[in-house]
Chemist: 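One structure, pasted below without further comment.
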Number of protein chains: 2
Amino acid sequence: MATSRANEILPVLEQEIVTGSLKPGTRLDETILAEKFNVSRTPIREALNRLSASGLVEIRPRRGAIVAAISVQDLMNMFEVMADLEALCARLAARRISPAEKTALLDAHESCHALSGTEDFDEYYVHNLRLHDLLYKASHNNFLEKQVRELRHRLSAHRRLQVRIPGRILASSNEHGALVEAVIKGDAALAEKLTRDHVAIQGERFTDFLSTLPSHYLRASA
Amino acid sequence: MATSRANEILPVLEQEIVTGSLKPGTRLDETILAEKFNVSRTPIREALNRLSASGLVEIRPRRGAIVAAISVQDLMNMFEVMADLEALCARLAARRISPAEKTALLDAHESCHALSGTEDFDEYYVHNLRLHDLLYKASHNNFLEKQVRELRHRLSAHRRLQVRIPGRILASSNEHGALVEAVIKGDAALAEKLTRDHVAIQGERFTDFLSTLPSHYLRASA
DNA sequence: GAATCATTTCTTGTATACAAGAAAACATAT
DNA sequence: ATATGTTTTCTTGTATACAAGAAATGATTC
């Protein structure tokens, strides 16, 4: 095998958490997981440790690991940071983007725009991701890129909650249009502002969002 | 013992890395560390795993762990993100700070200001830290606070590099004065801008900074 | 003498055995 | 019946033993 078993187990668990097949609060019994993966507890413990560092699982000393439960407060906080980091990406991208990256960005925007008349949220999600990814890359700050990716990954565990408002794809695509234009023009301040508004959950959209939350989000957590 | 041994070992190693008694690139042999701490390799491995997640240690599969080596590029990137996150703290603090927090902030600023005539960088560091900590808290975003703390902790491993320019304490303290005033007035945009300028490494200060770097920063890294 | 290949040694990664703390089950008393 | 205290059981945390890959050493060839 190219890599150790712990390194194989980690992404599988990660995926199960992110897709929601392992729900927040679920106990992650080391012995049971060891049987499931046909390994000893040792590599399981290693994987859990790393997942706890990335925030997806919570390890309570001597009391085992659970899938991290996130409160509404936590979610709001994380979105607030996410919006800011993405805005930083956009600001830097406006100053540093290369010609090749400009082409790719326009292409990704085209793909999004092509779906703007539809309500195909899943398909749109993919292209939307690609566009945002390109912006991270264009920031030419690897550390920032890694941080944003990690945070987005963590938030994606709660993507099921996403509000699917009719017409949202069109609106989002239009916001992208202005953003892409600002980045390509090199207008850093505008790119930053547009991204903040684009990512942030706010106003009536946030109210909608809250009303769709499953009950386990309404308890407090760390 | 109140906590497990791995949880005792971790902060010790962390401290040795942060203070620089373990230099970047140093191999962290599990067996040797196990002897040093009088434990088996198991808790050592756990501690190293967690340190790698926080970025202080780099684990190369099957090739052991080393103290993370950071390139100049990495440092610049991290400072760029740090400045932005602190600026976000300041912006949010300006909107959310409580009366009690205002008092504490003014007090911390007083402590800094009292040193502004001196060149006592170590003493200033402590009070400067307290002031910035209060700003993180006043953002009332726990996730953000945690992220900024973690990043600062990671950067503090390289604090030895800090340029100690004569008069810098006075300048810093003056910058604090304007920042504190903006936060207390509730001027979010100004607080944000002042913080960015305050934290960012830029202009001639950055040239000085570069010229003080030990050679191991000048190689490329991850 | 340099380069390449095999062998040995050393270190990491995993499995298993054991220790210790937490939760659960049970018994006793009020 | 509830509450408290004890015992048992179960799970995590650590130690040790073993397996497997990487680096180092040495042998062989050109």
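Here is the naming used below: chain letters follow the sequence lines, and residue numbers restart at 1 for every chain.
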Chemist: For A:Asn7, check side-chain hydrogen bond (donor to acceptor under 3.5 Å, both in side chains) against everything at least two apart and list the hits.
Modeler: A:Thr3, A:Ser4, A:Arg50
Chemist: Atom CG of A:Asp29 to atom P of C:dA24: distance rounded to whole Å?
Modeler: 13 Å
Chemist: With A:His109, which residues qualify under side-chain hydrogen bond (donor to acceptor under 3.5 Å, both in side chains), at least two apart?
Modeler: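 Result, side-chain hydrogen bond (donor to acceptor under 3.5 Å, both in side chains) vs A:His109: none returned.
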Chemist: Between the protein and nucleotides 15-20 of chain D, which nitrogen or oxygen pairs are less than 3.5 angstrom apart?
Modeler:
{"from": "D:dA15", "atom 1": "OP2", "to": "B:Ser40", "atom 2": "N", "distance (Å)": "2.6"}
{"from": "D:dA15", "atom 1": "OP2", "to": "B:Ser40", "atom 2": "OG", "distance (Å)": "2.7"}
{"from": "D:dA15", "atom 1": "N7", "to": "B:Thr42", "atom 2": "OG1", "distance (Å)": "2.9"}

Chemist: Please report, rounded to the nearest Å, how far the P atom of C:dG13 is from the CG atom of A:Leu10.
Modeler: 14 Å
Chemist: By side-chain hydrogen bond (donor to acceptor under 3.5 Å, both in side chains), which residues pair with B:Ser156, not counting sequence neighbours?
Modeler: none
Chemist: Checking B:Glu123 now: which residues fulfil side-chain hydrogen bond (donor to acceptor under 3.5 Å, both in side chains) with it, not counting sequence neighbours?
Modeler: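 Once residues adjacent in sequence are excluded, the partners of B:Glu123 under the side-chain hydrogen bond (donor to acceptor under 3.5 Å, both in side chains) criterion are B:His127.
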Chemist: Once you round it to whole Å, what is the distance between P of D:dG13 and CD of B:Glu8?
Modeler: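 These atoms are roughly 13 Å apart.
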Chemist: Could you state the atom-to-atom distance from CG of A:Leu48 to C1' of D:dT12 in whole Å?
Modeler: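 For the pair A:Leu48 CG and D:dT12 C1', the rounded distance is 12 Å.
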Chemist: Quick one: closest heavy-atom pair of A:His140 and A:Ser98, and the distance?
Modeler: NE2-N, 4.5 Å
Chemist: For residues 9-28 of chain B, which residue pairs qualify under side-chain hydrogen bond (donor to acceptor under 3.5 Å, both in side chains), counting only residues two or more places apart or in two chains?
Modeler: B:Glu16-B:Lys36
Chemist: C:dT14 P sits how many Å from B:Ile44 CD1, rounded?
Modeler: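 My rounded result for the distance is 18 Å.
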Chemist: Map A:Asn7 and A:Arg63 onto DNA chain C by nearest heavy atom, then report which one ends up closer to the 5' terminus.
Modeler: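 Nearest nucleotide further toward 5': that of A:Asn7.
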